[in-house]
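Right, one structure below, let's go through it.
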Amino acid sequence: MPAPTLSDKRWSIDLEKRIQEAHTEDPQVYARRYAFNPESNKEFFVIDTPPPYPSGTWHIGAVAQYSMIDVIARSQRLLGKEVYFPWGVDRNGINIEFTVEKNTKRKMKTYDRAEFLEMCKTTIEEFTQAMRKTARRVGLSCDYDREYLTDSPEYRTVTQSIFIELFKKGAIIEDLRPNIYDPVEGTTIADAEVERLPRRTKLIDVQWTCDDGTEIVISTTRPELICACGVVVVHPDDERYSHLVGKRIQLPMPVDGRETSVEIKTHPSVKSDFGSGVLMVCSFGDQNDVAVFRELGLTPFQAINLEGRMTELAGPFAGQTVLEARAAAIEHLESEGRLVNVVEREQEIPVSERGKNPVEIILLKEWYVRQTHTQDRIKEHADAMEFHPPRNKQFLIDWMDNISIDWPISRRRWYHTEIPIWYCDDEDKIIVPPTGMYVQPWCESPPEGSQVLDRSSREVLGDFSEMEKDLGTIVGEEKVFDTWMDSSNSNLFVSGYLNHPDVFEKAFPTALRPQGKEIVRTWLYYTLLKSTLLLDQPGFKHVWIDGLGMDPWGRKMSKSLGNGIDADSVLECGAGGRTGSWKVKGPDKTVSLRANKIGSECFRLWKACDAQVGDDFHINPEEIEKKYFGVLTKLFNVARFASQFEVPDDLDTCPDGLAVEDEWILSEFQATMETVQKAWANLDIYTATQALKTFGTGVLPSHYLEMVKSRLYDEDTNAAWTLHRVVRDFMSAFTPVCPFFTHHVSSTIYDASAVDVDAFPQQAHPEVAMGTEKGDALRALSSTLQTFNGDTWGYKKEQGISLNQPVSGVEIPKSLEAFTAILTRMHSLE
RNA sequence: GGGUCUGUGGUCUAGUGGUUAUGACACCGCCCUUACACGGCGUUGAUCGAGGGUUCAAAUCCCUCCAGACCCA
């Protein structure tokens, strides 16, 4: 008997690494396999890969999600689609600015702008390198040659051009509105960037005096904002105060440049049972204040400036920070005898997601994307898209139901895409660059081809070059865009919008948006908003929303909890004989986890098999190895066993005279393959992988291989044909999950890599397909056959006979009559 | 405080009204059998989060509560 062509004794991480490295060695081979060919006649399948944000280490949960996106990419190639699996890196944003500030211990705004941008660029490039390496290691079959960076001129051009397009359409407006503002970082932020943290705050009761001398108590946590108080309100049904409504009440704090009293009015948002039931409404303590000001038509006061300090409105407290002013206000009220009571309590206060700084609401002139008018339309488009799993669509609907204000998109930061606008002296005209050009208005003049627009009507007034001399001094916009303004163009960008119109026509709506559920309210929502405003179309055909990677106890992984697991440590576990160990802080104590070998293939197999899409998944390296490495070992050994028998010249044509057991396993295999093909088409990774695993580790080795072993040793060509055909097609169908594994097996034994297969394997033996009389009859025997084998093994064991010894007294069931000869030989029945 | 989702042996998981609730890992027991002991076979082990309801029949539908996750106020 010839030696197995699959020479390694077993599947190992070192073997895996060798294959992986060889896989990416030749750029031409790689490109032929995985690059997107826009000329192709095949159906396009464009994936709007979430561009990762490089921040040093890559979260293991995110790597798990990306590996599943790769499974989808590869399975679509297997189904014959022209897949574009882009590799993008999201590099704009406040995070990298923070990193540079931290590294140099110097605030951004103390730098020269150009110098600071250069430092951000250098730093983020280092992080990006590490990420590219991990992406290749885990087998992401991205088109790396077409890598896009969201901070590149190319990408930023698209963001700027889309902005101008939307502005001309009236979907973007400029307005003076209350904005959520981070005074520490000095920038506006959006609703979606606010989070809440518990803090201890003082709730103080302050005595106010009405013009008629009545004294009432008002509770507040923000006494420093009394100077911005526009009205005092009570609930319309609150009889305690009905006699005061319409009267004026004195502000208990000194103010400058405004009236010293306000009117008492009614408003239904007041909670009568909170404190005294009287509320002071300031511009702007919180979102409710904003709403009341708007509803009552009041003119807001500006109490806090852009540096987070009190304005002149605060009289003697002007110039103090918010916190200083608050302490001073309490002191002042106490000395005036107006401080009735102070209670310390825990309160959730809004802070900025990135800087964790308490945010203020400040009146600012900013740019907005209009969104409140178009929610119904977005919903209609959302209904046209297929969600995986369907229930996760609810995250989007919930968020949309909560939207009440437009999206502020301008930011007072630097390492972001610039707002492409110049302002003219008269404040009525603005200048925008031509489509397809990246501009930096803070340091450049308008380029050739720029247009002059009316600032409010958005009408094109003429060419900049012709009007230049009459425009006076021109000032470039210094503000930049919210990073989501860039990110929400990703599907347009990868589908060819602006740059490749002919591709775009075929590629849009983008086939797939895969993402985590935690960014539905930002990335998914903003993308759909853009598709609706710009093109009035659904952004995607499929939206695939995965759960989050959690620690082994089901908690979110975070630096502060100390329960994180580094992706590379899992992928490298077992390489060079080095085992992996992780110290993870559990709820009670720190637990030490160990594993001998995991690697990318086992890791991918685990994620594909262990959790349905959309569910949060627990990441425990010990379990990944225990549950799934054995599967690889098993499949490898089946292939290795097969590899010692000669491969028939023509694997594609089914030979005549197959034995009944050959036809039986082919009927089982075809049923499995049918399930797998449907599952791949439905982006259902779990079902496809489970079906393959069950077949490949169960019925194939335990029953078929045992049955035909003797025939194989006797060089029976039909048995060899059946086994090789099954193994070859199995590897093709399994290649999306374990590409390196199947590549190695298939190219070694069959001289053709499974990763190159671009059509789902045809039925080996159509006569026994699903729904055929013969096939169904054979499959109906499967459980009897397996039970009989099990019983016979059990009986031998009971009798103390080893499995290869002859045994007598075993009856073959009538229904298995056709298998009599092979079963007799298999079990040495007498 | 509100919304959404989730809750099945020790762990993970299948199962959207109908036999005895699926499978994997772990545990325990047996077995070196010419691919594989990083293997094979088998045995234990679940009142399906708790309680109530609808039904001839509930893990599955409804209600209440509890726990977790995500989001919001």
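Keep in mind that this is a model prediction, so the values were computed, not measured. In what follows, chains are A, B, ... by sequence order, proteins preceding strands, each numbered from 1.
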Whole-angstrom distance between [N] and [M], as gauged at atom [atom1]:
| N | M | atom1 | result |
| --- | --- | --- | --- |
| B:G7 | B:A73 | C1' | 26 Å |
| B:G40 | B:U20 | P | 32 Å |
| B:C12 | B:C27 | C1' | 15 Å |
| B:A26 | B:C38 | P | 12 Å |
| B:U34 | B:U43 | P | 24 Å |
| B:U13 | B:U54 | C1' | 30 Å |
| B:G9 | B:C30 | C1' | 23 Å |
| B:C61 | B:G15 | C1' | 16 Å |

Inset, instruction - Do nucleotides 4-18 of chain B as a string where each nucleotide becomes B, S or -: B if the base has a protein heavy atom under 4.0 Å, S if just the sugar-phosphate does, - if no protein is that close. - result: SSS----SBSS----

Mate of [N] where both pairing distances stay under 3.5 Å, Watson-Crick or G-U:
| N | result |
| --- | --- |
| B:C25 | B:G10 |
| B:C61 | B:G53 |
| B:G1 | B:C72 |
| B:C30 | B:G40 |

For [X], which contact category applies under a 4.0 Å heavy-atom criterion: base, sugar-phosphate, or nothing?
| X | answer |
| --- | --- |
| A:R640 | sugar-phosphate |
| A:T694 | nothing |
| A:E706 | base |

Inset, instruction - Starting from P on B:A24, measure out to NZ on A:K607 and report it in whole angstrom. - result: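 A:K607 atom NZ is separated from B:A24 atom P by 21 Å.
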
Legend entry - A:L605 CG - B:C25 P separation (whole Å):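 Atom-to-atom, A:L605 to B:C25, this comes out as 12 Å.
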
Legend entry - Residue whose closest nucleotide on RNA chain B lies nearer the 5' end, A:G794 versus A:F629: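 Of the two residues, A:F629 wins.
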
Inset, instruction - Establish, with yes or no, whether the OP1 or OP2 oxygen of B:A24 is under 4.0 angstrom from a side-chain nitrogen or oxygen of A:T697. - result: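 For A:T697, the contact criterion (side-chain N or O under 4.0 Å from OP1 or OP2 of B:A24) is not met.
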
Legend entry - Pair A:S600-A:E16, side-chain donor/acceptor within less than 3.5 Å: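 Indeed, the side chains of A:S600 and A:E16 share at least one donor-acceptor pair under 3.5 Å.
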
Inset, instruction - May I ask you to check if A:R513 and A:W523 form a cation-pi contact, with NZ or CZ under 6.0 angstrom from the six-membered ring centre and within 45° of the axis? - result: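 Flagged: A:R513 positioned over aromatic ring of A:W523.
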
Legend entry - Selection from B:A26, B:C36, B:C38 that lies nearest to any side-chain heavy atom of A:K634: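 My answer, after comparing the listed nucleotides, is B:C36.
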
Inset, instruction - Side chain of A:T633 only, please: which of B:A24, B:G39, B:C70 is the nearest? - result: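 Comparing B:A24, B:G39, B:C70 against the side chain of A:T633, the answer is B:G39.
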
Inspect the contact between [Y] and [X] and indicate whether a charged nitrogen and a carboxylate oxygen are less than 4.0 angstrom apart.
| X | Y | answer |
| --- | --- | --- |
| A:R18 | A:D8 | yes |
| A:D546 | A:K517 | no |
| A:E386 | A:K393 | no |

May I have the list of side-chain donor-acceptor pairs in residues 720-727 of chain A shorter than 3.5 Å, sequence neighbours left out?
{"from": "A:W721", "atom 1": "NE1", "to": "A:D650", "atom 2": "O", "distance (Å)": "3.1"}
{"from": "A:W721", "atom 1": "NE1", "to": "A:L651", "atom 2": "O", "distance (Å)": "3.3"}
{"from": "A:W721", "atom 1": "NE1", "to": "A:T653", "atom 2": "O", "distance (Å)": "3.3"}
{"from": "A:T722", "atom 1": "OG1", "to": "A:N718", "atom 2": "O", "distance (Å)": "2.8"}
{"from": "A:H724", "atom 1": "ND1", "to": "A:Y750", "atom 2": "OH", "distance (Å)": "2.9"}
{"from": "A:H724", "atom 1": "NE2", "to": "A:A642", "atom 2": "O", "distance (Å)": "3.3"}
{"from": "A:H724", "atom 1": "NE2", "to": "A:F645", "atom 2": "O", "distance (Å)": "2.9"}
{"from": "A:R725", "atom 1": "NE", "to": "A:D729", "atom 2": "OD2", "distance (Å)": "2.8"}
{"from": "A:R725", "atom 1": "NH1", "to": "A:L651", "atom 2": "O", "distance (Å)": "3.0"}
{"from": "A:R725", "atom 1": "NH1", "to": "A:D652", "atom 2": "O", "distance (Å)": "3.3"}
{"from": "A:R725", "atom 1": "NH2", "to": "A:D729", "atom 2": "OD2", "distance (Å)": "3.4"}
{"from": "A:R725", "atom 1": "NH2", "to": "A:Q762", "atom 2": "O", "distance (Å)": "3.0"}

Which pairs would a plain distance check flag for residues 699-710 of chain A, meaning a side-chain donor or acceptor within less than 3.5 Å of a matching protein atom at least two apart in sequence or in another chain?
{"from": "A:S702", "atom 1": "OG", "to": "A:G698", "atom 2": "O", "distance (Å)": "3.2"}
{"from": "A:H703", "atom 1": "ND1", "to": "A:N789", "atom 2": "ND2", "distance (Å)": "2.9"}
{"from": "A:Y704", "atom 1": "OH", "to": "A:D662", "atom 2": "OD1", "distance (Å)": "2.6"}
{"from": "A:E706", "atom 1": "OE1", "to": "A:K709", "atom 2": "NZ", "distance (Å)": "3.4"}
{"from": "A:S710", "atom 1": "OG", "to": "A:R825", "atom 2": "NE", "distance (Å)": "3.2"}

Inset, instruction - Could you check whether the rings of A:F741 and A:W11 sit parallel, tilted or perpendicular, using 30° and 60° as the cut-offs? - result: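 Answer is perpendicular, since the angle exceeds 60°.
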
